[in-house]
Amino acid sequence: MSKEITSRSTDYSQWYNDLVIKGGLADYSAVRGCMVIKPYGFALWENMRDALDKMFKDTGHVNAYFPLFVPKSLFEAEEKNAEGFAKECAVVTHYRLKTDPNKKGALIVDPEAKLEEELVVRPTSEAIIWNTYKNWIQSYRDLPILINQWANVVRWEMRTRLFLRTAEFLWQEGHTAHATREEAIAEAETMLGVYADFVENWMALPVIKGLKSESERFAGAEITYCIEAMMQDGKALQAGTSHFLGQNFAKAFDVKFSDKDNKLDYVWATSWGVSTRLIGALVMAHSDDEGLILPPRIAPWQVVIIPIYRGEEQKAQLDGKIKELIQQLKSAGVRVKYDDNDNARPGWKFAEYEMKGVPVRVAIGLRDLENNTVELARRDTREKFTVPIDGLANRIVNLLDEVQQSIFNKAKAFRDSHITRVDSWDEFVKVLEEKGGFVSAFWDGTEEAEAAIKEKTKATIRCIPLNNPKEEGKCVLTGKPATQRVLFAQAY
RNA sequence: CGGGAGGUAGUUCAGCCCGGUAGAAUACGUGGUUUGGGACCACGGGGUCGCAGGUUCGAAUCCUGUCCUCCCGACCA
């Protein structure tokens with residue numbers, strides 16, 4: 001079997017697609033823009049989901065589930081939100097099919113089964129959730145509400161890409177309700193911190209925390225916080241967002257509460273989400289021309305063991321030692337795959353698990369059995385070394401940590417070397433064209449300048465970094481006075 | 001939504017221009033030799049050629065229509 005991967009230098013997009021398909025994460029489907037997440041890809045998602053879920057619960061949140069469908073009248077209640085999403089909504093208009101009288105075996109939409117009110121397939125759940133919160137909140141004693149849901153959403157995107165932008169995707173969305181503005185803002189900031197923590201420490205992907213400019217803000221939000229990551233081709237990718245929604249949704253859905261002094265006020269809101277898009281970020285940021293490189297903490301398999309033998313007899317000799325090793329690794333909390341499939345030879349397996357990005361490989365043969373050794377190989381650097389079998393589990397646990405750290409360091413070095421400070425328009429254009437990455441430049445704060453820059457260079461303001469130092473300068477485009485640098489980049 | 005490519009075996013594709021018994025590689029099954037970086041031999045199973053019409057003695061191939069996917073672009077909280 002030849003599973004050649006297109007190299008990054010030949011065709012970066014094709015390289016990415018090859019990794020996803022040939023690495024076994026996902027497949028195309030018969031539905032435009034929708035993918036099948038295969039078991040290996042889903043196991044990766046499950047690990048990410050489990051880690052995040054624990055972090056949400058540790059910060060006081062609980063899970064719930066709200067309907068997939070949103071009645072149109074609810075959807076349109078918060079005007080800006082509705083407007084922002086209107087052009088990419090799937091809409092249910094009928095509830096029944098019937099057999100086609102003109103064509104045997106075919107079905108048509110039954111015109112008599114038209115819904116009185118159309119149902120919008122959720123592109124996000126603020127509307128249905130705030131409509132529900134209205135019933136749950138009367139007093140400050142009912143607050144805060146700290147709910148998260150794991151769900152699928154649909155956004156009818158014009159152009160889709162595996163994981164990065166699919167018509168249907170899996171995500172989590174947190175929706176919280178608070179008694180004060182300050183508390184809600186603190187919540188949005190806390191969750192941004194949770195995301196940054198997760199993406200950096202679990203996915204080994206360094207991010208920049210920041211604020212979105214007004215034009216990039218979530219529809220219906222007052223503040224959108226984001227984490228931005230850098231891909232290997234120099235394009236930025238929004239890895240997560242956390243929104244302070246003010247009282248917009250409370251007003252749209254008439255959600256009021258009595259405070260301690262029995263005064264009525266609207267409830268303050270946040271929402272925050274990350275999606276399967278993170279998998280796309282992971283693939284693009286770490287992998288190489290040999291295949292995926294997965295960080296140990298979320299890799300479905302952290303270690304693969306490959307036996308090398310001639311004939312059943314030798315296999316039997318190895319098996320005892322390997323079973324013992326698997327047991328040790330498992331009790332050390334390591335996710336281990338033992339591939340003793342006889343159909344494929346070792347070389348084939350080596351290549352296959354490199355493609356799948358398994359962080360550490362253990363090869364063990366008769367030679368090792370005699371010497372009391374194994375061959376260890378790490379995926380990220382492709383280094384191999386022969387080590388004693390005694391104390392192997394411990395050594396592997398340490399190696400996994402090292403790999404995790406090393407992948408992060410590499411991504412961080414790349415990211416840091418792709419933040420360029422520029423002070424002139426010529427430089428700005430040149431850096432974006434030739435080098436890519438983030439460009440740190442002064443911006444006069446106007447939407448006009450932002451739009452003009454996008455028009456000329458395709459670069460958008462990815463974020464205004466948190467704790468950005470105030471500086472005196474001149475807007476890189478207009479030359480008008482500016483008070484701070486912001487990060488521009490072309491983005492996915 | 002504009003432009004491009006494509007739909008034939010599980011997969012990748014050839015065949016189509018010039019109509020005449022559906023092919024290759026790979027994967028799969030059986031047997032054997034192999035096994036420390038993508039093994040080899042032999043035999044074998046597997047396809048209403050996206051769908052619907054039409055032309056023809058005869059259509060994967062020509063004509064018309066239609067559906068779907070992918071890529072590039074515009075769009076993208």
Side-chain angles (χ1 to χ4, degrees), chain A residues 1-6 11-14 16-18 20-22 27-35 78 80-89 102-103 105-106 122-126 153 155-162 164-167 169 171 173 212-221 224 226 237-238 240-243 245 271-273 275 277 290-291 306-315 318 339-355 361-371 373-377 382 384 386 454-455 458 460 491-492:
Chain A
M1 159 148 61
S2 78
K3 278 197 186 174
E4 288 293 307
I5 291 176
T6 306
D11 183 344
Y12 190 84
S13 298
Q14 191 56 48
Y16 173 78
N17 288 336
D18 284 356
V20 171
I21 301 289
K22 294 174 180 173
D27 225 335
Y28 294 116
S29 74
V31 191
R32 191 205 73 101
C34 296
M35 63 177 176
E78 207 295 322
K80 280 189 180 157
N81 187 252
E83 230 183 87
F85 284 102
K87 60 185 178 296
E88 54 189 35
C89 287
N102 301 315
K103 197 174 161 195
R122 64 181 167 213
T124 182
S125 299
E126 276 80 3
V153 289
R155 297 181 187 179
W156 214 265
E157 301 285 356
M158 285 300 187
R159 176 131 153 68
T160 58
R161 302 196 66 185
L162 293 164
L164 294 175
R165 178 168 288 110
T166 47
F169 56 91
W171 78 343
E173 47 183 327
K212 284 294 185 192
S213 65
E214 194 179 336
S215 68
E216 296 276 329
R217 204 173 283 161
F218 177 76
T224 288
C226 63
L237 191 144
Q238 178 177 299
T241 49
S242 178
H243 316 288
L245 302 173
S271 69
W272 27 275
S275 70
R277 181 179 224 214
E290 311 302 320
I306 297 172
I308 296 160
Y309 59 92
R310 303 163 197 252
E312 284 304 308
E313 203 175 308
Q314 292 194 357
K315 169 87 185 328
L318 287 174
D339 188 349
D340 63 346
N341 185 348
D342 196 36
N343 288 351
R345 296 159 80 255
W348 190 91
K349 291 178 185 172
F350 292 173
E352 181 67 12
Y353 289 103
E354 272 168 20
M355 177 117 60
R361 179 180 76 227
V362 175
I364 178 163
L366 266 277
R367 196 168 75 200
D368 295 300
L369 222 48
E370 282 167 23
N371 301 334
T373 59
V374 301
E375 181 189 82
L376 271 189
R382 305 189 79 212
K384 294 195 280 197
T386 300
K454 183 179 180 185
E455 169 77 26
K458 289 187 191 165
T460 49
Y492 279 99

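None of these values were measured; they are calculated from a predicted model.
Side-chain N/O atoms of A:Arg310 include none lying less than 4.0 angstrom from OP1 or OP2 on B:U34. Within the 4.0 Å cut-off from OP1 or OP2 of B:C71, at least one side-chain nitrogen or oxygen of A:Asn17 is found.
A donor-acceptor contact shorter than 3.5 Å is absent between the side chain of A:Glu157 and the backbone of A:Thr160.
For A:Tyr12, the ring-ring contact (aromatic ring centres under 6.0 Å, His included) partners at least two apart in sequence or on another chain are A:Trp15. Scored by the ring-ring contact (aromatic ring centres under 6.0 Å, His included) test, A:Trp156 finds no partners at all (sequence neighbours excluded).
Using a 4.0 Å heavy-atom distance criterion, A:Ala219 is classed as a sugar-phosphate-only contact. Residue contacts shown for A:Leu366 include a base, since a base heavy atom lies under 4.0 Å away. Residue contacts shown for A:Gly220 are absent, as no nucleic acid heavy atom lies under 4.0 Å away. Among the atoms of the strands shown, base atoms are found under 4.0 Å from some heavy atom of A:Arg382.
With hydrogens and angles left out, the side chain of A:Lys384 and the base of B:G37 share a donor-acceptor pair within 3.5 Å. Side-chain atoms of A:Arg165 come within donor-acceptor range of the base of B:C76, with a qualifying N/O pair under 3.5 Å.
In this structure, the nucleotide among B:G38, B:G37, B:C28 sitting nearest to the side chain of A:Asn343 is B:C28.
In this structure, the CD1 atom of A:Ile364 is 16 Å from the P atom of B:G37, given to the nearest Å.
Along RNA chain B, the nucleotide nearest to A:Glu290 and the one nearest to A:Tyr28 differ in position, and the one closer to the 5' end is contacted by A:Glu290. Each of A:Pro307 and A:Gly84 has a nearest nucleotide on RNA chain B; the 5'-most of these lies closest to A:Pro307.
Nucleotide B:G53: paired with B:C63 (Watson-Crick or G-U wobble, both distances less than 3.5 Å).
Residues A:His243 and A:Thr224 bring a donor and an acceptor atom of their side chains to less than 3.5 Å of each other.
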Set out, line by line, the N/O atom pairs under 3.5 Å between protein and nucleotides 46-48 of chain B.
none

